[in-house]
2 protein chains.
Amino acid sequence: MPSQASLTSPPQVRGQEAQARILQAALRIFGRDGFALATTRRIAEAAGVSLPAIKYYFENKEGLYMACAHEIVARYEEGLGNYIDEVAAALEGGLSPAQARSYLKEVMRRVSAISNDDADADLRTGFVLREMTEQGPAFEVLYKDLWQPGVEITAQLIACIEGKASPDEAAHLEALMLHASLSAFSSTRPVSLRYLRDGGCKASPREGGLTSALTVIEAQIDRMGPA
Amino acid sequence: MPSQASLTSPPQVRGQEAQARILQAALRIFGRDGFALATTRRIAEAAGVSLPAIKYYFENKEGLYMACAHEIVARYEEGLGNYIDEVAAALEGGLSPAQARSYLKEVMRRVSAISNDDADADLRTGFVLREMTEQGPAFEVLYKDLWQPGVEITAQLIACIEGKASPDEAAHLEALMLHASLSAFSSTRPVSLRYLRDGGCKASPREGGLTSALTVIEAQIDRMGPA
DNA sequence: GGCAAACTATATCGCTTGATATAAATCTTA
DNA sequence: TAAGATTTATATCAAGCGATATAGTTTGCC
């Protein structure tokens with residue numbers, strides 16, 4: 001298992017740097033092209049290493065893909081994950097509908113912010129969304145540690161807003177749709193931007209209309225409430 | 001251009017049948033695997049023809065892909081397309097918000113029904129959604145003749161519901177999100193079903209929770225209205 | 001029957017892919 | 001400096017890809 005050659009002597013640092021370069025290049029190329037279309041040669045070239053380096057550090061293409069998934073999960077947990085725990089604790093203590101509403105808005109804000117963290121953030125989002133639709137080798141990890149927790153906390157907050165003790169099927173569905181709409185807006189962002197542009201709207205290509213989408217979602221949250 | 005050898009003698013009917021079999025097999029395999037991952041060999045095998053038959057009828061892989069796109073558009077136009085024209089005419093004549101609301105519900109109902117027309121309907125949906133996110137060779141056709149008209153009529157109906165003369169940026173955005181949520185629910189259907197199942201909900205695998213999703217969307221439409 | 005047109009199948013080409021055998025380079029340690 | 005572990009690069013393999021040259025088969029028409 002060469003992927004955890006960690007606590008060794010200082011010159012092996014160069015090796016770890018190469019490993020990190022490969023991982024970063026892989027994240028970008030897998031995120032853009034998907035598992036099947038991405039080639040190990042292109043990744044190696046982008047990372048500035050030769051082809052067998054991938055085998056040396058990650059065994060094979062799938063190993064590299066899984067390493068990318070774990071990297072994404074780690075980044076997610078250190079960002080949104082902690083906040084989710086915080087919200088869960090608050091829910092445990094009991095929340096008013098109004099409080100739940102503002103928590104939910106913040107959750108969705110942070111979820112959408114994931115796609116704007118840095119330059120490659122949207123590629124990581126693409127990685128996750130592709131894996132959710134195509135269910136490749138990294139699906140289980142991403143579903144269990146990333147997708148499910150986000151939707152579940154959303155469902156619980158919605159239930160709270162609607163005055164229910166625990167989320168029923170309707171709350172779960174509404175949570176799914178909320179995340180689905182944000183996801184789809186991300187993955188079809190070029191199309192959405194084109195549509196808005198054709199209609200004469202000017203959306204900043206920087207944030208890709210994501211904040212506008214967020215406004216719509218917040219309005220939806222505002223309209224939630226006791227039936 | 002051998003793809004329109006149509007008005008010839010009767011025995012060429014067999015040829016047309018082969019052409020149709022190739023097209024159907026291609027729709028299923030392209031819809032499931034996408035352009036890059038699908039192979040002409042597998043399509044030929046599924047259609048029960050030999051490999052050069054694809055070249056004979058569709059010139060090459062991309063020609064076959066485009067033929068699939070046009071087939072999808074044709075099917076869409078004879079279904080939803082006519083209804084969109086009908087709604088557009090009604091809008092021209094002036095609609096009350098309540099009328100617009102029920103038209104909008106019917107539009108979304110028909111859009112979601114597209115994924116349940118027949119056994120291969122979800123594969124066609126997958127074809128379209130993949131092309132919207134990856135922007136392959138068939139993007140222009142599908143956007144112009146299928147995606148844009150559906151979103152636009154939705155935006156106009158939303159504007160009408162909200163008492164506006166013509167759709168502003170907010171209406172366009174809301175229309176986009178409405179379709180995005182339905183699309184994402186379709187393309188991540190296995191994930192959504194798993195989530196609901198894990199939560200103890202029983203969703204019919206037949207319709208894949210789409211009618212439940214539609215219920216949520218109708219509730220959203222009901223909550224629209226003058227600010 | 002024979003002939004031209006429409007259609008189909010076999011076999012193969014050139015290319016790219018993931019993987020890896022092999023050997024060289026680098027650096028620590030003794 | 002010699003030994004040895006760690007890391008890197010060259011060259012190559014078998015498999016699968018899209019494409020197609022070539023030849024065979026069917027079938028309506030005269």
Side-chain angles (χ1 to χ4, degrees), chain A residues 1-27 29-30 32-69 134 136-138, chain B residues 1-27 29-30 32-68 136-138:
Chain A
M1 218 176 300
S3 66
Q4 53 184 15
S6 44
L7 300 176
T8 51
S9 40
Q12 273 76 343
V13 161
R14 191 177 41 131
Q16 291 186 10
E17 283 175 357
Q19 185 172 349
R21 274 206 318 277
I22 295 174
L23 194 65
Q24 181 154 347
L27 269 167
I29 294 181
F30 277 138
R32 195 191 52 187
D33 301 339
F35 181 77
L37 211 59
T39 73
T40 53
R41 277 176 171 82
R42 214 180 300 273
I43 292 172
E45 187 192 12
V49 300
S50 66
L51 220 164
I54 291 179
K55 175 182 171 60
Y56 184 79
Y57 288 109
F58 301 95
E59 192 55 32
N60 53 27
K61 189 186 184 183
E62 185 171 324
L64 178 54
Y65 193 71
M66 292 301 293
C68 289
E134 298 181 6
Chain B
M1 219 175 300
S3 66
Q4 52 183 19
S6 45
L7 300 176
T8 51
S9 39
Q12 275 78 342
V13 160
R14 190 177 44 128
Q16 291 186 11
E17 283 175 357
Q19 186 173 349
R21 274 208 316 278
I22 294 174
L23 194 65
Q24 180 155 348
L27 269 167
I29 293 181
F30 278 138
R32 195 191 53 187
D33 301 339
F35 181 78
L37 211 58
T39 73
T40 52
R41 278 176 171 82
R42 214 180 299 273
I43 293 172
E45 187 191 12
V49 301
S50 66
L51 221 163
I54 291 178
K55 175 182 171 62
Y56 185 79
Y57 287 108
F58 302 95
E59 193 54 34
N60 53 27
K61 190 185 183 183
E62 184 170 327
L64 178 54
Y65 193 71
M66 293 301 292
C68 289

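What you see is a predicted model; the values in this text were computed from it and never measured. The figures that follow rest on heavy atoms only: side chains count, while hydrogens, waters and symmetry mates do not. Chain A is the first sequence line, chain B the second, and so forth, proteins listed ahead of strands; every chain is numbered from 1.
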S.K.: Rounding to an integer number of Å, can you tell me how far A:I22 CD1 sits from D:dT8 C1'?
M.R.: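 One finds 11 Å between C1' of D:dT8 and CD1 of A:I22, rounded.
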S.K.: Can you figure out which of D:dA19, C:dT8, C:dG18 approaches the side chain of B:Y57 most closely?
M.R.: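 So the nucleotide nearest the side chain must be C:dT8.
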S.K.: Shortest non-hydrogen contact from A:P137 to A:E62?
M.R.: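 For A:P137 and A:E62, the tightest heavy-atom pair comes out as CB-OE2, 3.7 Å.
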S.K.: Whole angstroms only, please: what is the CG-C1' distance between A:N60 and C:dT20?
M.R.: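 Computing the A:N60:CG to C:dT20:C1' distance gives 12 Å.
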S.K.: Could you state the CD-P distance from B:E17 to C:dT8, rounded to the nearest angstrom?
M.R.: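 Nearest whole value for this atom pair: 10 Å.
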S.K.: Tell me the interatomic distance from B:L51, atom CG, to C:dC7, atom P, rounded to whole angstroms.
M.R.: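 Computing the B:L51:CG to C:dC7:P distance gives 18 Å.
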S.K.: NA contact type, B:S50, heavy-atom cut-off 4.0 Å: base, sugar-phosphate, or nothing?
M.R.: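 Counting heavy atoms under 4.0 Å across all strands, the contact made by B:S50 includes a base.
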S.K.: Drop me the distance from B:L64's CG to B:K55's NZ, to the nearest 0.5 angstrom.
M.R.: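 Rounded to the nearest 0.5 Å, the CG-NZ separation comes to 13.5 Å.
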S.K.: Taking atom P of C:dT17 as reference, at what distance in whole Å does atom CZ of A:R41 sit?
M.R.: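 It is 6 Å, rounded to the nearest whole Å.
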S.K.: What is the distance from CD1 of A:I43 to C1' of C:dG18, rounded to the nearest Å?
M.R.: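 Rounded to the whole Å, the gap is 11 Å.
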S.K.: Can you see which heavy atom on A:K61 is nearest to which on A:A36, and at what distance?
M.R.: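 It is NZ-O, 3.7 Å.
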S.K.: Could you check B:L37 against A:P52 and say which one's nearest nucleotide on DNA chain D is further toward the 5' end?
M.R.: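 Upstream on the strand: A:P52.
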S.K.: Between atom CZ in B:F58 and atom P in C:dC7, what is the gap in whole Å?
M.R.: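 These atoms are roughly 12 Å apart.
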S.K.: Check whether any side-chain N or O of B:K55 sits under 4.0 Å from OP1 or OP2 of D:dA19, and answer yes or no.
M.R.: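 No, B:K55 has no side-chain N/O under 4.0 Å of OP1/OP2 on D:dA19.
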S.K.: Using the ring of each side chain (for Trp, its six-membered ring), is B:F30 parallel, tilted or perpendicular to B:Y65, with breaks at 30° and 60°?
M.R.: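 Perpendicular, since the angle between the ring planes exceeds 60°.
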S.K.: Rounding to a whole Å, what distance do you find between B:K61:NZ and D:dA19:P?
M.R.: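 So the two atoms are 8 Å apart, to the nearest Å.
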S.K.: Reckon B:A44 touches a base, only the sugar-phosphate, or nothing at all at heavy-atom distances under 4.0 Å?
M.R.: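 No contact.
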S.K.: So what does A:A36 touch, heavy atoms closer than 4.0 Å: a base, only the sugar-phosphate, or nothing?
M.R.: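 Counting heavy atoms under 4.0 Å across all strands, no contact is made by A:A36.
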S.K.: Under 4.0 Å between a side-chain N/O of A:Y56 and OP1 or OP2 of C:dT20, yes or no?
M.R.: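 It does not, given that no N or O in the side chain of A:Y56 lies less than 4.0 Å from OP1 or OP2 of C:dT20.
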S.K.: For a side-chain contact (heavy atoms from CB on, under 4.5 Å) check, start with the C-alpha distance between A:Q19 and A:F58, then their side-chain angles and the critical distance, and finish with the verdict.
M.R.: CA-CA 9 Å; A:Q19 185 172 349; A:F58 301 95; 3.6 Å; yes
